Amino acid sequence: MMRTNMSRILSTLVVLTARRGVVTSAFSFQSSSTTTPLGRRRRSFAQRFGASKSTLATNDDNKNMVMQQQQQQQIKIVQDALYRIRQVNSIPNEVRKNLISFQVDGNILGKVTPAIANLLANCHDVEGNPVFELVKNDKEQPVVETLTLAKSCGSTCEERTAAVARVTHDLREQGVVNGWRDELYPVASSFYEDPVFLMERAAVAFLGVLEYGVHINGLVEKKNDDNGNANDEIKMWIARRSATKSKYPNMLDHIVAGGQPAGLSLSDNCIKECLEEAGIPEDITRAGIRSAGAISYETYSSKYDTISRCVLFNYDLYLPESFQPTPVDGEAQEFVLWSVDQVLQSMAPDYHDPIKPNCYVVIIDWLIRTGKLSPDVPGYLNVLRELRSGDCQ
């Protein structure tokens with residue numbers, strides 16, 4: 001009787017545990033976590049949790065990789081920017097320490113090398129009088145030489161202009177001054193001072209006087225890409241210079257750029273240059289142009305042994321998407337529309353077809369103003385400072 005009851009109890013337990021999905025023996029009731037529904041749920045959760053952690057780790061790695069790539073790109077942009085700035089903003093120390101000041105009426109107007117100072121001091125007017133003189137200041141030790149205009153040049157702007165013109169024409173005939181423009185530049189100690197005299201644009205570097213000009217970033221805000229999708233990309237018009245230019249023939253250039261002649265306001269000069277160089281009508285120029293500050297630099301030409309001291313007034317000109325610049329006066333061959341990435345790529349020292357050197361300084365200033373360079377990158381402040389290393393006055 002007892003054996004029969006015990007058999008029934010064991011049978012009942014086996015049935016019950018089997019219904020629960022537990023594998024048992026008559027004397028051992030041990031569950032298997034890998035085969036029960038609960039076990040399967042636990043395994044599924046663990047697998048999902050482990051996969052989730054793995055996915056998060058992969059996403060974090062990808063983000064870190066992207067951030068590192070972006071940082072490396074920014075570092076390269078800053079390094080390339082400094083390279084381009086220093087291309088035009090460089091006077092060797094051995095040249096700088098020997099420069100001679102060009103002064104008139106006690107005001108420093110320019111900087112010249114000793115060889116150029118001696119060349120000019122040996123130039124005379126039609127009557128045989130010297131136009132330039134080297135004067136020694138015995139009161140200073142060591143003795144300092146200064147280049148100045150001779151008294152025979154007169155004291156008025158007109159008299160001095162005529163005397164200097166005689167010298168520059170002679171130097172042109174001798175082949176010393178090239179790229180004659182028939183364009184007079186004002187010579188003064190600062191942009192807002194009355195000129196002491198006027199001189200041919202092609203010869204200003206021979207006196208190392210301040211040169212002023214306007215450079216224009218020709219910009220297009222493309223609202224849609226080529227497929228019609230919404231897009232806020234900004235592009236920049238780039239010109240290719242004429243093959244007959246005396247300086248930098250065939251090189252890429254700003255859409256419009258020009259020297260600042262005497263007797264013309266900056267805004268009027270922008271309108272004139274836009275029409276002459278790129279066929280941009282006055283109404284489009286007036287509607288889209290914005291002044292954007294200035295940059296300055298000083299550079300030494302070993303070819304001519306001259307010092308260029310330049311201040312360029314920067315302008316942003318927003319043009320309609322439908323407008324196509326056209327060469328008018330022969331300064332440019334063609335115009336192409338570049339993306340910002342193309343502009344950045346062209347700043348690399350080994351780029352095969354770079355833009356004219358002084359244009360980069362203006363473009364880099366635009367890149368900073370539009371947030372294309374990060375202030376978190378080492379060298380950013382060097383870029384800011386070196387954009388205006390020359391006399392900006």
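We number each residue from 1, following the sequence as shown. The model shown is predicted, which means the values in this text are computed figures rather than measured ones.
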- Query: Which residue pairs pass the ring pair (Phe, Tyr, Trp, His ring centres under 6.0 Å) test with at least one member in residues 243-295, sequence neighbours excluded?
  - Reply: H215-H254

If you define the side chain from C-beta out and look only at heavy atoms, does anything of [X] sit under 4.5 Å from [Y]?
{"X": "T285", "Y": "E282", "result": "no"}
{"X": "P92", "Y": "Y300", "result": "yes"}
{"X": "R96", "Y": "E298", "result": "yes"}
{"X": "F206", "Y": "V177", "result": "yes"}
{"X": "L373", "Y": "V78", "result": "yes"}
{"X": "L147", "Y": "E133", "result": "no"}
{"X": "D391", "Y": "K111", "result": "yes"}
{"X": "V167", "Y": "L120", "result": "yes"}

What's the spacing between [X] [atom1] and [Y] [atom2] if we round to 0.5 Å?
{"X": "I75", "Y": "Y380", "atom1": "CD1", "atom2": "OH", "answer": "15.5 Å"}
{"X": "N89", "Y": "S389", "atom1": "CG", "atom2": "OG", "answer": "4.0 Å"}
{"X": "I85", "Y": "L384", "atom1": "CD1", "atom2": "CG", "answer": "8.5 Å"}
{"X": "T168", "Y": "L184", "atom1": "OG1", "atom2": "CG", "answer": "9.0 Å"}

- Nearest heavy-atom contact between A202 and W180 is CB-CA, 3.9 Å

- Looking at R201 and V204, what are the two nearest heavy atoms and their distance? O-CG2, 3.2 Å

With a 3.5 Å cut-off and sequence neighbours excluded, list the donor-acceptor pairs that the side chains of residues 354-367 form with protein atoms.
from: K356; atom 1: NZ; to: N358; atom 2: OD1; distance (Å): 2.7
from: N358; atom 1: ND2; to: Y297; atom 2: OH; distance (Å): 3.3
from: Y360; atom 1: OH; to: S346; atom 2: O; distance (Å): 2.7
from: Y360; atom 1: OH; to: S346; atom 2: OG; distance (Å): 2.9
from: Y360; atom 1: OH; to: I355; atom 2: N; distance (Å): 3.0
from: D365; atom 1: OD1; to: R388; atom 2: NH2; distance (Å): 2.8
from: D365; atom 1: OD2; to: N314; atom 2: ND2; distance (Å): 3.2
from: D365; atom 1: OD2; to: R369; atom 2: NE; distance (Å): 2.9

Apply salt bridge (Lys or Arg N to Asp or Glu O under 4.0 Å) to [X] and list each qualifying residue two or more places apart in sequence or on a separate chain.
{"X": "E331", "value": "K245"}
{"X": "K372", "value": "none"}
{"X": "D268", "value": "none"}
{"X": "E334", "value": "R240"}

- Message: Once salt bridge (charged side-chain N to carboxylate O under 4.0 Å, His left out) is applied, what residue pairs with a partner in residues 161-181 remain, sequence neighbours excluded?
- Response: R166-D170

side-chain contact (heavy atoms from CB on, under 4.5 Å) against [X], all qualifying residues, sequence neighbours excluded:
{"X": "S374", "answer": "Q74, D376, V377"}
{"X": "Y83", "answer": "Q87, P349"}
{"X": "D194", "answer": "none"}

Sub-3.5 Å donor-acceptor pair from the side chain of [X] to the main-chain atoms of [Y], do we have one?
{"X": "N250", "Y": "S242", "result": "no"}
{"X": "S246", "Y": "N178", "result": "no"}
{"X": "N118", "Y": "P114", "result": "yes"}

- Side-chain cluster (under 4.5 Å, hydrophobic types only) that L337 belongs to, other residues: F191, Y192, L210, Y212, V214, I216, V220, W237, I255, V256, L266, I280, I284, I289, V311, F313, Y315, L317, L319, F323, F335

- Could you tell me how the ring of F102 sits relative to the ring of F197: parallel (under 30°), tilted (30 to 60°) or perpendicular (over 60°)? perpendicular

- Please step through side-chain contact (heavy atoms from CB on, under 4.5 Å) for the pair V144 and K136, ending with a clear verdict. CA-CA 6 Å; V144 176; K136 291 184 178 181; over 6 Å; no

- D283, CG: over 12 other non-hydrogen atoms inside 6.0 angstrom: yes

- Verdict with supporting geometry, T113 and D305, side chain to side chain donor-acceptor pair (under 3.5 Å): CA-CA 7 Å; T113 62; D305 197 30; 2.8 Å; yes

- Query: Hey, is D341 close enough to K235 for a salt bridge, meaning N to O under 4.0 Å?
  - Reply: no

- Message: Check this for me: does any side-chain nitrogen of one of E211 and R309 sit under 4.0 Å from a carboxylate oxygen of the other?
- Response: no

- Pairing residues for H124 by the ring pair (Phe, Tyr, Trp, His ring centres under 6.0 Å) criterion, not counting sequence neighbours: none

- Item | Verdict with reasoning, D253 to R241, per salt bridge (charged side-chain N to carboxylate O under 4.0 Å, His left out) | CA-CA 6 Å; D253 201 342; R241 293 165 66 83; 2.8 Å; yes

